[in-house]
Amino acid sequence: MTFPLNPADREPKGDHNRRIGLGLSLEQMAAEAGVTVEALREYEMTSPDHKFDLLVAERVGAALDRLEAHPPASQQVQS
């Protein structure tokens, strides 16, 4: 189950930052989420006051939650 539960409540720019924090490229994240690179790019570049594809948001959210629970080797933890 992803957070937030409603994909319409997701924040594309926040998801972009989460992807970057995991050290994943657009291509890697698109593959993890099961969406096209173009769909991911369009989603991440959505302005706060614009609508986005809810299916893409749901898939990206689920992938981010999964990857953050079990981080990929590409994630660099700095303390």
Side-chain angles (χ1 to χ4, degrees):
M1 184 182 318
T2 64
F3 181 81
L5 297 177
N6 184 349
D9 294 334
R10 297 204 66 78
E11 296 182 12
K13 297 291 185 184
D15 287 347
H16 166 81
N17 291 335
R18 289 172 69 190
R19 173 181 65 81
I20 297 299
L22 288 166
L24 297 174
S25 68
L26 271 170
E27 293 79 9
Q28 291 169 315
M29 185 65 208
E32 289 285 344
V35 299
T36 66
V37 172
E38 188 55 42
L40 177 60
R41 180 178 290 119
E42 185 176 319
Y43 170 71
E44 287 188 346
M45 299 307 289
T46 302
S47 298
D49 57 342
H50 288 85
K51 294 186 186 266
F52 48 82
D53 186 322
L54 296 180
L55 179 60
V56 172
E58 185 173 34
R59 289 182 174 187
V60 167
L64 286 168
D65 289 350
R66 183 180 74 251
L67 291 166
E68 287 174 339
H70 303 284
S74 59
Q75 184 178 23
Q76 299 295 319
V77 178
Q78 298 177 359
S79 54

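Please read these numbers as outputs of a predicted model, since none were measured by experiment. Just the heavy atoms: all of them, side chains too, but no hydrogens, waters or symmetry mates, feed the values below.
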Which atoms form the tightest heavy-atom contact between [X] and [Y], and what is the distance?
| X | Y | answer |
| --- | --- | --- |
| Leu64 | Arg10 | CD1-NH2, 4.5 Å |
| Arg59 | Gly34 | NH1-O, 2.9 Å |
| Ala33 | Ala63 | CA-CB, 3.9 Å |

ILVMFWY cluster, Val56 and Met45 together (side-chain gap under 4.5 Å): no
Ring pair (Phe, Tyr, Trp, His ring centres under 6.0 Å) partners of residues 19-40, not counting sequence neighbours, each pair once: none
Ring pair (Phe, Tyr, Trp, His ring centres under 6.0 Å) contacts touching residues 8-50 (sequence neighbours left out): Tyr43-Phe52
Sequence-distant partners of Glu27, salt bridge (charged side-chain N to carboxylate O under 4.0 Å, His left out), two or more places apart: none
Got a sec, which residues hit side-chain contact (heavy atoms from CB on, under 4.5 Å) with [X], two or more places apart in sequence or on another chain?
| X | answer |
| --- | --- |
| Ala30 | Val35, Val37, Leu40 |
| Gln28 | Leu24, Ser25 |
| Ala8 | Asn6, Leu54 |

Pairwise salt bridge (charged side-chain N to carboxylate O under 4.0 Å, His left out) hits with a residue in residues 44-54, at least two apart: Arg19-Glu44
Residue pairs involving residues 30-39 (criterion side-chain hydrogen bond (donor to acceptor under 3.5 Å, both in side chains); sequence neighbours excluded): Glu32-Arg66, Glu38-Arg41
